[in-house]
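In what follows, a single structure is set out as structure tokens and then discussed.
Computed over heavy atoms, backbone and side chain alike; hydrogens, waters and symmetry mates excluded.
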Amino acid sequence: MAAITDLYRYPVKGLSPEPLTAMSLSAAHGLPFDRVYALALGTTAFDPERPEPLDKGAFLMLRNNEALAALRTRVDPDTHRLTIERAAHPSFSADLSTPEGRADTEAYFAAYLGAATKGPPRVVRADGHKFTDASVLSPVMMRAVSVINLASVRVLEAATGRTLDPLRFRGNIHLEGLEPWVELDWVDRPVRIGGVRFRGLARTPRCAAVNVNPVTAERDANLPRAIRQHFGHVDLGVYLEVLNDGDLQIGDVVTV
């Protein structure tokens, strides 16, 4: 029987996941408080009054900035207070809902990453907007949730001969009890998890972000190349459209 083993959201694009025991989803907004903030590069123009989906390369993110993985972050969804923990350094805290808190956060990342921010970075947010990788494809894809089949991760581990933390793939929902790669066949099919109905939207193509070890912050693999070499594609996971409002919790069963 296939079921949920883990649930995650990522309040700030490129920063660490927040584990959940349950999550509320809606057809109108997908997963609330997921990728609602981003750190725009100094060269990026983003207007929160007229938000336009931008390529992920316009923001700080793991594909280009593996040092982000060395930070342990959380954002309180009620107060919007960001907390950052970094080994051997004092913790950082700032309120992202205030100009002062955003300015402090921007200064933190400018100092931490230096020239990689391509000028002063900027904390960005816009009502109703999510900074998901798939946002450039459509509003529906912007609101999609990302599912990881842990069996697919294990066969990739076997093929590469290395242990792979599933958090490399930055999914919202981890599933156990499926055959490897079956999630890739869910596109345009109905999927039910617990009391929530979904529709498969697209396979999740993998970029160099998954080469970053989320524990060590080292770029220690070439997983897109390995997936292609061993399995003939570059996909792992699937995007699902949320079709009704409802709650998920660990242990909820999957039906396709």
message: Any salt bridge linking R9 with E18? Criterion: basic side-chain nitrogen under 4.0 Å from a carboxylate oxygen.
response: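 Yes, R9 and E18 are salt-bridged.
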message: Between E241 and R197, does any NZ, NE, NH1 or NH2 come within less than 4.0 Å of an OD or OE carboxylate oxygen?
response: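 No.
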Side-chain donor-acceptor pairs under 3.5 Å in residues 25-41, sequence neighbours left out?
residue: S26; atom: OG; partner: H29; partner atom: N; Å: 3.0
residue: D34; atom: OD1; partner: Y10; partner atom: N; Å: 2.7
residue: D34; atom: OD1; partner: N172; partner atom: ND2; Å: 3.4
residue: R35; atom: NH2; partner: R170; partner atom: O; Å: 3.2
residue: Y37; atom: OH; partner: H80; partner atom: ND1; Å: 2.7

For the backbone of [Y] and the side chain of [X], can you confirm whether one donor and one acceptor N or O come within less than 3.5 Å of each other?
{"X": "N213", "Y": "T216", "result": "yes"}
{"X": "T105", "Y": "G101", "result": "yes"}
{"X": "T132", "Y": "S135", "result": "yes"}
{"X": "R72", "Y": "A69", "result": "yes"}

Linking I/L/V/M/F/W/Y whenever any side-chain heavy atoms sit under 4.5 Å apart, do [X] and [Y] land together?
{"X": "M61", "Y": "L54", "result": "no"}
{"X": "I4", "Y": "L243", "result": "no"}
{"X": "V215", "Y": "L68", "result": "no"}
{"X": "V212", "Y": "I148", "result": "no"}
{"X": "L15", "Y": "Y112", "result": "yes"}

- request: Not counting sequence neighbours, which residues clear ring pair (Phe, Tyr, Trp, His ring centres under 6.0 Å) with F169? List them please.
  value: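 Partners of F169 under the ring pair (Phe, Tyr, Trp, His ring centres under 6.0 Å) test: none.
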- prompt: What residues form a ring pair (Phe, Tyr, Trp, His ring centres under 6.0 Å) with W186, not counting sequence neighbours?
  reply: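 So W186 forms no ring pair (Phe, Tyr, Trp, His ring centres under 6.0 Å) with any residue.
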So, for [X] and [Y], which heavy atoms are closest and what is the spacing to 0.1 Å?
{"X": "V242", "Y": "N244", "answer": "CG1-O, 3.3 Å"}
{"X": "V182", "Y": "L178", "answer": "CG2-CB, 3.8 Å"}
{"X": "L236", "Y": "R206", "answer": "O-NH2, 2.8 Å"}
{"X": "H174", "Y": "L167", "answer": "CE1-CD2, 4.2 Å"}
{"X": "L60", "Y": "A116", "answer": "CD2-O, 4.3 Å"}
{"X": "V187", "Y": "L184", "answer": "CG2-O, 4.0 Å"}

With rounding to the nearest 0.5 angstrom, report the [atom1] to [atom2] distance, [X] to [Y].
{"X": "H129", "Y": "F131", "atom1": "NE2", "atom2": "CZ", "result": "4.5 Å"}
{"X": "D78", "Y": "S97", "atom1": "CG", "atom2": "OG", "result": "11.5 Å"}
{"X": "N64", "Y": "F59", "atom1": "CG", "atom2": "CZ", "result": "12.5 Å"}

Any side-chain heavy-atom pair of [X] and [Y] under 4.5 Å:
{"X": "V75", "Y": "T73", "result": "no"}
{"X": "V238", "Y": "L240", "result": "yes"}
{"X": "R199", "Y": "V191", "result": "no"}
{"X": "Y8", "Y": "L20", "result": "no"}
{"X": "L175", "Y": "L150", "result": "no"}
{"X": "F109", "Y": "L71", "result": "yes"}

List for me each residue that meets side chain to side chain contact (heavy atoms under 4.5 Å, CB included) alongside [X], sequence neighbours excluded, and say none if there are none.
{"X": "D133", "value": "K13, K56, Y239"}
{"X": "S138", "value": "V140, M141"}
{"X": "A107", "value": "none"}
{"X": "T79", "value": "D76, R81"}

task: Go through the steps to decide whether L164 and R168 satisfy the test side chain to side chain contact (heavy atoms under 4.5 Å, CB included), and finish with yes or no.
output: CA-CA 8 Å; L164 299 173; R168 285 180 185 258; 3.7 Å; yes
message: Assess the residue pair Y108 and I84 against the criterion (side chain to side chain contact (heavy atoms under 4.5 Å, CB included)); give the C-alpha distance rounded to whole Å, side-chain angles, the decisive distance to 0.1 Å, and a yes or no.
response: CA-CA 10 Å; Y108 179 94; I84 303 176; 3.5 Å; yes
message: Tell me which pairs pass side-chain hydrogen bond (donor to acceptor under 3.5 Å, both in side chains) where either residue lies in residues 142-151, with sequence neighbours left out.
response: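 Listed by first then second residue: N149-S152, N149-E183.
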Exceeds 12 heavy-atom contacts within 6.0 angstrom, atom CG of D127: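 Counting neighbours around CG of D127, 12 or fewer heavy atoms of other residues, nucleotides or ligands fall under 6.0 Å, so no.
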Tabulate below the donor-acceptor pairs under 3.5 Å that side-chain atoms of residues 248-256 make, not counting sequence neighbours, or state none.
residue: D252; atom: OD2; partner: Q249; partner atom: N; Å: 2.9

task: Show your working on side chain to side chain contact (heavy atoms under 4.5 Å, CB included) between F198 and V147 and close with a plain yes or no.
output: CA-CA 11 Å; F198 300 89; V147 172; over 6 Å; no
Side-chain donor-acceptor contacts of residues 223-234 below 3.5 Å, not counting sequence neighbours, with atom names and distances?
residue: H233; atom: ND1; partner: D235; partner atom: N; Å: 3.1
residue: H233; atom: ND1; partner: D235; partner atom: O; Å: 3.3

message: Give me each pair satisfying salt bridge (Lys or Arg N to Asp or Glu O under 4.0 Å) with a member in residues 84-108, each pair once, sequence neighbours excluded.
response: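 Every pair satisfying salt bridge (Lys or Arg N to Asp or Glu O under 4.0 Å) with a residue in residues 84-108: there are none.
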Considering only distance and modelled atom types, tabulate donor-acceptor pairs under 3.5 Å from the side chains of residues 43-53, sequence neighbours left out.
residue: T44; atom: OG1; partner: A58; partner atom: O; Å: 2.5
residue: D47; atom: OD1; partner: E49; partner atom: N; Å: 2.9

